[in-house]
Amino acid sequence: MGRLTRRDRWPLLAMQSGAVAAAIGMIGGQLAQAATVGQVVFTTVFAVLFVAAIWLLAKGNAQRLRQAGSARVPEKEPLKLVLVGVAITAIVMWLTAAYGIFIALMTTRAANDWHALGYVGAALCASGATAMLRQARDEWADVHLKAWPAEE
């Protein structure tokens, strides 16, 4: 990601760091609440798959952003409803993270601290994904959509 501008790089870093924080929070929360071995293993497998998927998405988008000209523009239109869904997910995750932080501050259970970290990580990841999709949609629209006709 060395050649990307800050505008291009921050959504990718938000997605990657958020995914790692979410995974650490999920696994740490399970361990702190003394979950069974099966629960910890399931959560670990799920967290590793989640991090891998997010890292691959970020890597693919970084590769697209390194292209120049029309090679950088997505071939298909990034669907508006996908963008709306990811934005709603980001909003809900930030609200959940705020509530998780509130609960973590009000209680002494270590599991609540880990879960709050997981919520913040997932919210950060969803925010980065929203920005990434918005950027791709804007770039596609700049090339493929006609400007609104001006009255003369």
### Task
Considering non-hydrogen atoms only, spot the tightest contact between A116 and A104 and give its length.
CB-CB, 4.3 Å
### Task
Using a 4.5 Å cut-off on heavy atoms from C-beta on, say whether the side chain of L31 contacts that of I27.
yes
## Note on the structure
In terms of heavy-atom contacts, A19 and V51 come closest through O-CG2, 3.5 Å
### Task
Answer with yes or no whether the hydrophobic clustering places L65 together with L57; edges join I, L, V, M, F, W, Y residues whose side-chain heavy atoms lie under 4.5 Å apart.
yes
#### Entry: Separation between OG1 of T107 and CG of N112, rounded to the nearest 0.5 Å
3.5 Å
### Message
So, taking the atom named CZ in F50 and the one named SG in C125, what distance separates them when rounded to the nearest 0.5 Å?
### Response
4.0 Å
### Task
May I have the step-by-step check of side-chain contact (heavy atoms from CB on, under 4.5 Å) for V37 and V41, ending in yes or no?
CA-CA 6 Å; V37 173; V41 168; 4.1 Å; yes
### Task
Output the distance between atom CG (L56) and atom CD (Q16), rounded to the nearest 0.5 Å.
10.0 Å
### Query
Roughly how far apart are T96 OG1 and I103 CD1, rounded to 0.5 Å?
12.0 Å
#### Entry: Connected via hydrophobic side-chain network under 4.5 Å: V86 and V84
no
### Query
Out of curiosity, W10 CH2 to S127 OG, how far, rounded to the nearest 0.5 Å?
6.5 Å
### Message
Counting C-beta onward and ignoring hydrogens, is there a side-chain heavy-atom pair between F102 and M106 closer than 4.5 Å?
### Response
yes
### Inter-residue atom distance L81.CG - I88.CD1, 0.5 Å rounding
9.0 Å
### Task
Can you see which heavy atom on A32 is nearest to which on A110, and at what distance?
CB-C, 4.0 Å
### Task
Using atom types as modelled and distance alone, determine if a side-chain donor or acceptor of Q67 lies under 3.5 Å from a backbone N or O of R64.
no
#### Entry: Shortest non-hydrogen separation from A58 to L12 and the atoms involved
O-CD2, 3.7 Å
### Query
What's the verdict on salt bridge (charged side-chain N to carboxylate O under 4.0 Å, His left out) for R134 and E139, showing C-alpha distance, side-chain angles and the deciding distance?
CA-CA 9 Å; R134 181 75 233 170; E139 290 174 1; over 6 Å; no
### Query
Can you get from I91 to M93 by hopping between Ile, Leu, Val, Met, Phe, Trp and Tyr side chains that sit under 4.5 Å apart?
no
## Note on the structure
Note: P11 and G128 closest approach over all heavy atoms is CB-O, 3.4 Å
### Query
Taking all non-hydrogen atoms of both residues, which atom of A97 and which atom of Y119 are closest, and how far apart?
CA-CB, 3.6 Å
### Close side-chain approach of H115 to M26, heavy-atom, < 4.5 Å
no
